[in-house]
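Treat the numbers as computed from the prediction; the structure is a model and nothing was measured. Computed from heavy atoms alone, side chains included, the values below leave out hydrogens, waters and symmetry copies. First listed ligand is number 1; within each ligand, the first listed atom is number 1.
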Amino acid sequence: MSKGDLIIISGPSGAGKGTLVRGLLARVPRLWCAISATTRPPRPDERDGVDYYFLPPEEFDRRERAGEFLETAEVHGNRYGTLRGPVEDRIRECYRVVLEIDPQGAMQVRRNAKDSVLVFVRAPSEAELRRRLARRGSETPEEVETRMRTAEQELKLVGSYDFVVINDDVRRATDELVRIVESLPPKERDPSHGHPA
Ligand code: 5GP
């Protein structure tokens, strides 16, 4: 694996990671975003195999024991994990792989893949994060408070990241993320895949 094969977009729930990642994928070629597995039930607009692989807890445990995950974490009572196989396949096919994961997972990937690039996405203020979580409407007021407490802990990890993007304005923050990815060393083509030298 080489520098920038794995780009980790992480940070508190509600900071807007998903929106920024969608913008990034639309603008930079040969990027692929991994689909995580989770034990959380799907939200009404989510589809299995598109937003997540929704797995029963026993199936998640079985795959974890089989070593199928690159990283796993428990976030707000549900389990999440990145499946290793598709990530390795895409890197071999000369894609950069984007993981949108929580900070516990980001730290695990950093330990196992030193060349990964870690980007911390945060809201401009605590008040704004609370407002975004409330506006999303998918969490109860108690769940919003839990996420706020988690966010406070997660902010303490910011020093372990390579880049911090403050999501104050989606367009500006997406531009910044695009610049970060474009500043990475170019990916070397694997001659076994038949690309011209
Ligand atoms: P949500 O349930 O709101 O979709 O996600 C909750 C949190 O779990 C978010 O911070 C999200 O980035 C994180 N998450 C999603 N997939 C993964 C994963 O595969 N691994 C880890 N560690 N966190 C994940």
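- Nearest to atom 7 (C) of ligand 1 among the protein's heavy atoms is V75 CG1, 3.9 Å.
- For the ring pair (Phe, Tyr, Trp, His ring centres under 6.0 Å) test, residues two or more places apart in sequence or in another chain that qualify with F69 are F60.
- With salt bridges taken as basic N to acidic carboxylate O contacts below 4.0 Å, one links E59 and R63.
- No salt bridge links E58 with R62; every basic N to acidic carboxylate O contact stays at or beyond 4.0 Å.
- Within the 4.0 Å heavy-atom criterion, neither part of E46 lies near ligand 1.
- The T82 neighbourhood of ligand 1 comprises atoms 19 (O), with distances under 4.0 Å to a heavy atom of that residue.
- Using a 3.5 Å distance cut-off with no hydrogens or angles, the side chains of R110 and S10 do not pair a donor with an acceptor.
- Neither the backbone nor the side chain of H76 comes within contact range of ligand 1; no heavy atom lies under 4.0 Å.
- Taking every non-hydrogen atom of G105 and a distance limit under 4.0 Å, the qualifying atoms of ligand 1 come out as 22 (N).
- For the pair T39 (side chain) and P56 (backbone), a donor-acceptor distance under 3.5 Å is absent.
- The backbone N or O of S125 sits nowhere less than 3.5 Å from a side-chain atom of E128 that would complete a donor-acceptor pair.
- Using a 4.0 Å cut-off between a side-chain N of Lys or Arg and a carboxylate O of Asp or Glu, D89 and R92 qualify as a salt bridge.
- For atom 14 (N) of ligand 1, the choice among F69, Y80, Y53 with the nearest heavy atom turns out to be Y80.
- Contact annotation for E71 and ligand 1: only side-chain heavy atoms (C-beta onward) come within less than 4.0 Å of the ligand.
- In this structure, Q104 has no heavy atom closer than 4.0 Å to ligand 1.
- Y52 OH, 3.4 Å is the protein heavy atom nearest to atom 5 (O) of ligand 1.
- Listed by number with element, the atoms of ligand 1 under 4.0 Å from a non-hydrogen atom of R40 are 1 (P), 2 (O), 4 (O).
- Residue, atom and distance of the protein heavy atom nearest to atom 12 (O) of ligand 1 are K17 CE, 3.2 Å.
- Considering D51, I101, T150 only, the shortest heavy-atom separation from atom 24 (C) of ligand 1 involves I101.
- E154 has its side chain out of reach of Q104: every pair of non-hydrogen atoms, C-beta onward, lies at least 4.5 Å apart.
- Residue-ligand proximity: R43 is placed with a non-hydrogen atom under 4.0 Å from ligand 1.
- The residue from S10, S36, S13, P42 that puts a heavy atom closest to atom 19 (O) of ligand 1 is S36.
- Looking at atom 23 (N) of ligand 1, its nearest protein heavy atom turns out to be D102 N, 3.0 Å.
- On a distance-only criterion, G11 and ligand 1 share no N/O pair closer than 3.5 Å.
- In this structure the side chain of L184 reaches within 4.5 angstrom of the side chain of I7, judged on heavy atoms.
- Residue contact check: A73 has heavy atoms under 4.0 Å from atoms 22 (N) of ligand 1.
- The closest side-chain heavy-atom distance from E71 to N112 is not below 4.5 Å.
- Counting heavy atoms from C-beta on, the side chains of R147 and H76 come closer than 4.5 Å.
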